[in-house]
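These notes concern the structure reproduced below.
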Amino acid sequence: MPPAAPSDVPPAVPANIRLGGPADVPADVPVDAPADARADASPADVRERVVAWFDEHRRDLPWRAPDRTAWGVLVSEVMLQQTPVVRVEPAWRAWMARWPTPADLAAAGTDEVLRAWDRLGYPRRALRLQECARAVVERHGGTVPATADELLALPGVGSYTAGAVLSFAYGRRAVVLDTNVRRVLARLAVGEALPGPAVTAVETRLAEAWLPDDDLGAARWAAASMELGALVCTARSPRCAACPVEDACRWRRAGSPPDAHAHRRRTQAWTGTDRQVRGRVMALLREAPGPVPAHVVAGTWPDRVQRERCLAALVADGLVVEQAGAGEDDEVAYALPR
DNA sequence: AAAGCGGGGAC
DNA sequence: GTCCCAGCTTT
């Protein structure tokens with residue numbers, strides 16, 4: 001970690017990333033404009049304004065409540081990996097009411113865990129969350145660890161989730177670089193419409209440079225910048241008129257240019273993919289009270305080759321178990337793992 | 001670095 | 001139809 005800098009001066013940034021300054025003023029700003037219309041606000045000032053906005057406009061989400069637990073924060077972060085907040089909130093409430101602690105989830109039946117995950121998507125996350133609960137119980141006595149290395153060693157926890165738990169649950173200084181923060185920094189600090197398809201080392205260094213030096217300040221900035229991205233600095237139709245730092249935004253100053261790397265994005269196919277087939281099989285097994293005979297599973301997808309490939313993959317993933325010959329006709333059946 | 005992995009709502 | 005969502009894991 002680079003040495004801490006005083007919080008009243010701009011943080012060090014990678015040489016190829018400019019935070020702004022007189023040389024960066026776009027051509028459409030008259031040279032005889034007032035000086036303060038051409039000078040950038042300091043990063044500390046920008047952060048303060050975003051945090052002040054956050055204090056006023058933050059959503060009242062249950063995993064932010066004063067009585068939240070570190071485990072509750074971790075559960076929310078795993079659920080929020082690619083699933084929108086509005087869909088996670090009710091699922092999180094039901095989940096935490098049923099399994100409040102890692103020990104509770106560790107002891108649950110995996111079939112019930114997968115049913116409770118319902119349609120949040122990417123059900124491997126539910127499997128990993130239960131493995132994570134068991135690891136927390138076995139390695140850490142049931143307490144969510146508070147170091148990056150220990151968090152990253154947990155199943156389903158990557159750099160984002162580890163940083164989020166450190167910051168939101170423990171109030172520690174940590175880079176929290178999700179899709180919202182990436183977009184805010186891309187616009188505010190870099191001047192691009194959207195970040196690239198994957199997190200880069202330069203981006204991580206930029207996020208680190210913007211992080212206040214103190215734990216509390218860093219945690220507040222992490223939450224505030226993420227919320228700004230979720231509510232104002234949105235991917236489509238950003239509400240710049242409501243933004244507390246529009247005047248300091250390099251993207252706005254540049255005239256809101258279009259996405260520079262749109263040509264590198266590839267939209268995920270859905271119809272007819274293995275993911276669709278897997279989703280249908282999992283939906284069927286979630287709703288069934290017990291094992292489902294193969295001829296019923298066959299009704300989920302007409303293409304036998306693709307269907308069997310997906311079933312085999314689901315079994316390999318641990319999301320489905322195959323049971324032989326339970327019925328009178330010795331037909332194979334499929335079920336959720338116990 | 002790229003691919004695979006769910007599902008639904010907004011446009 | 002396309003795009004996007006508090007990403008992680010494997011190749």
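Here is how names work: the chains are called A, B, and so on, in the same order as the sequence lines, proteins then strands, and each is numbered from 1.
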- Message: Could you tell me the boundaries of the chain A footprint on DNA chain C, defined by atoms under 4.0 Å from its heavy atoms?
- Response: dC3(C) to dT9(C)
- Sorted by first residue and then second, give each side chain to side chain donor-acceptor pair (under 3.5 Å) pair with at least one member in residues 61-70 of chain A; sequence neighbours left out. Arg64(A)-Glu227(A)
Can you establish whether the number of heavy atoms outside [X] located under 6.0 Å from its atom [atom1] is more than 12?
X: Arg239(A); atom1: CZ; value: no
X: Arg119(A); atom1: CZ; value: no
X: Arg115(A); atom1: CZ; value: yes

- Please report, rounded to the nearest Å, how far the P atom of dC5(B) is from the CD atom of Gln306(A). 10 Å
- In terms of the nearest nucleotide of DNA chain C, which residue is placed more toward the 5' end: Arg128(A) or Gly229(A)? Gly229(A)
Under 4.0 Å between a Lys/Arg side-chain N and an Asp/Glu carboxylate O for [X] and [Y]?
X: Glu208(A); Y: Arg173(A); answer: yes
X: Asp303(A); Y: Arg307(A); answer: no
X: Arg304(A); Y: Glu308(A); answer: yes

Taking only distance into account, with no hydrogens and no angle test, what donor-acceptor pairs under 3.5 Å do side-chain atoms of residues 146-157 of chain A form with protein atoms, sequence neighbours excluded?
{"unit_1": "Thr147(A)", "atom_1": "OG1", "unit_2": "Glu150(A)", "atom_2": "N", "d": "3.3"}
{"unit_1": "Thr147(A)", "atom_1": "OG1", "unit_2": "Glu150(A)", "atom_2": "OE1", "d": "2.8"}

- Message: Taking ring pair (Phe, Tyr, Trp, His ring centres under 6.0 Å) as the definition, give me every residue that meets it alongside Trp301(A), ordered by chain and number, with sequence neighbours left out.
- Response: none
- Classify every nucleotide of nucleotides 6-11 of chain B by which part a protein heavy atom approaches to under 4.0 Å, writing B for the base, S for the sugar-phosphate alone and - for neither, in 5'-to-3' order. BBS-B-
- Determine the contact category for Arg182(A): base if any of its heavy atoms lies under 4.0 Å from a base atom, sugar-phosphate if only primed atoms, P, OP1 or OP2 are that close, otherwise nothing. nothing
- Query: So what does Trp117(A) hit on the nucleic acid, given a heavy-atom distance under 4.0 Å: a base, only sugar-phosphate, or nothing?
  - Reply: nothing
- Message: Give me the distance, rounded to whole Å, that separates dG6(B) from dC5(C) when you measure between the C1' atoms they each carry.
- Response: 12 Å
- Query: Taking atom P in both dA6(C) and dC11(B), what distance in whole Å separates the two?
  - Reply: 15 Å
- Item | Contact list for DNA chain C against residues 142-164 of chain A - heavy-atom distance below 4.0 Å | Pro155(A), Gly156(A), Val157(A), Gly158(A), Ser159(A), Tyr160(A), Thr161(A)
- Task: Return the minimal non-hydrogen interatomic distance between Arg278(A) and Asp317(A), and the atom names on each side.
- Result: NH2-OD2, 2.8 Å
- Note on the structure: Nearest heavy-atom approach of Ala189(A) to Arg250(A) is O-CD, 2.9 Å
